[in-house]
**Q** 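Have a look at the structure that comes next, please.
Note that this is a predicted model, so its numbers are computed, not measured.
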Amino acid sequence: MSANRIQHKVNHVALVVDASGSMYQHQSQLIRVVDEFVAGLKAESDSLGHETRISLYSFDHRVENLVWDMDVKHLPSMRGLYKVNNGATALIEASLKSLDDLGHIWEEYGEHSFLQIVVTDGEENASGGDRRHDGDMTILGPWLDRITAKMNGLPGHWTSAILVPNSLAKRTAQNYGFPAGNIAIWDADSQKGVEDAIGTVRAAATSFLRGREQGVRGTKNLFAVGQDISVDDVRANLEPVAADKYRLLKVDKEVEIRAFVDSHPGVTYERGSCYYQLGTRVQVQPDKEVIVVEKDTDRAYTGEAARNLLFGAGVRGTVSVKAGNNPKLEVYVQSRSVNRKLKADTRLLIML
């Protein structure tokens, strides 16, 4: 290879969206928020100087490619492309087809990475044939073998993730081979569920693109935050909190937040003044503030730009996130609950 050739970063993103009958209530909203997701990809790619190409798929008991590997700068609206049908859910078939299709992309030149994100509100019941009525699940066996083999054989620069409606579906997705850290649960029954789901996807995609700058081409911890930012990023974009305006307290055992705070002299629990250390997956609502703390110095930073830095610009809804592995920084989330259970071996930040 020529020493003078530019090895530009190319990201191939496949968004695979359920279009079975149960998604009808979300159809118009889904079109809008997917358009916003694409706009976010474009903005982040422009900022980083990446080439990002997107493919869109919809599926009921059939799988349809709507857009193939198009530069996000030229993608039209989902309006007129995505349409919900009265069909079943060929989840495995859709996941496999999008991965198989991406596998045809030539990677000889450029530094390529692949990101597949599947969004579904139901369980598999149609790969290899619609089984809603006859109940014959025996045909599913070969499809299970195919998807587990495919997932287990993905190269390191491929990332496959999925949003599912409940914990049972999450366990099923893990059985298919989706890494646990690449599975998030969304509320498929609420009016704002789709916006929150795409917000989670957008935050994850933003983190994915930023991680590319640090040499990360694939991840099994996609729905995590904070691992892709540096101390320099924080100092440049966020506002420092005066040292006499907050305290950090060590949590030794699981305890309710108000009881924990009131047990320490000099502080009293007040709603909204406490920030728990982000760890396992939580739902972070749009009105919750976030604070970033340097581990070495305990210096805290916040401000209006904090959510943008962590979750991506323009992510306005609730996001489902957990803490990424960052050796230099910790993320804290505002709590307004009087009985939130604080986890052992974490810290609580209290604004004074």
**Q** Answer yes or no: is there a side-chain heavy-atom contact under 4.5 Å between Thr89 and Asp60?
**A**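 Sidechains of Asp60 and Thr89: no contact.
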
**Q** Taking the inter-plane angle between the rings of His157 and Phe114 on a 0 to 90° scale, is it parallel (under 30°), tilted (30 to 60°) or perpendicular (over 60°)?
**A**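 Taking Phe114 first and then His157, their aromatic rings stand perpendicular (interplane angle over 60°).
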
**Q** Taking only Lys NZ, Arg NE, NH1 and NH2, and the carboxylate oxygens of Asp or Glu, determine whether Lys42 and Asp46 approach each other closer than 4.0 Å.
**A** yes

**Q** Trp186 vs His26, test: ring pair (Phe, Tyr, Trp, His ring centres under 6.0 Å). Steps then yes/no.
**A** CA-CA 13 Å; Trp186 69 290; His26 302 309; 5.7 Å; yes

**Q** Any side-chain heavy-atom pair from Ser55 and Met70 closer than 4.5 angstrom?
**A** no

**Q** Do Val267 and Val255 share a hydrophobic cluster, counting only Ile, Leu, Val, Met, Phe, Trp and Tyr and linking them when any side-chain heavy atoms are less than 4.5 Å apart?
**A** yes

**Q** Measure from the side-chain N and O atoms of Asn237 to the backbone N and O of Asp233, and report whether any donor-acceptor pair falls under 3.5 Å.
**A**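 Side chain of Asn237 to backbone of Asp233: a pair is present.
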
**Q** Side-chain contact, heavy-atom cut-off 4.5 Å: Thr159 with Arg217?
**A**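 Side-chain contact under 4.5 Å: no.
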
**Q** Is the shortest side-chain N to carboxylate O distance from Glu294 to Lys328 below 4.0 Å?
**A** no

**Q** Which pair of heavy atoms, one from Gln334 and one from Lys288, lies closest together, and at what distance?
**A** O-CD, 3.4 Å

**Q** When rounded to the nearest 0.5 angstrom, what distance separates OG1 in Thr200 from CD1 in Ile185?
**A** 11.0 Å

**Q** Centre of Tyr301's six-membered ring, under 6.0 Å away, within 45 degrees of the axis: is that where NZ or CZ of Arg235 sits?
**A**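 No.
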
**Q** I want to check something: taking the side chain as every heavy atom from C-beta on, are Leu278 and Val225 in contact at a cut-off of under 4.5 Å?
**A** yes

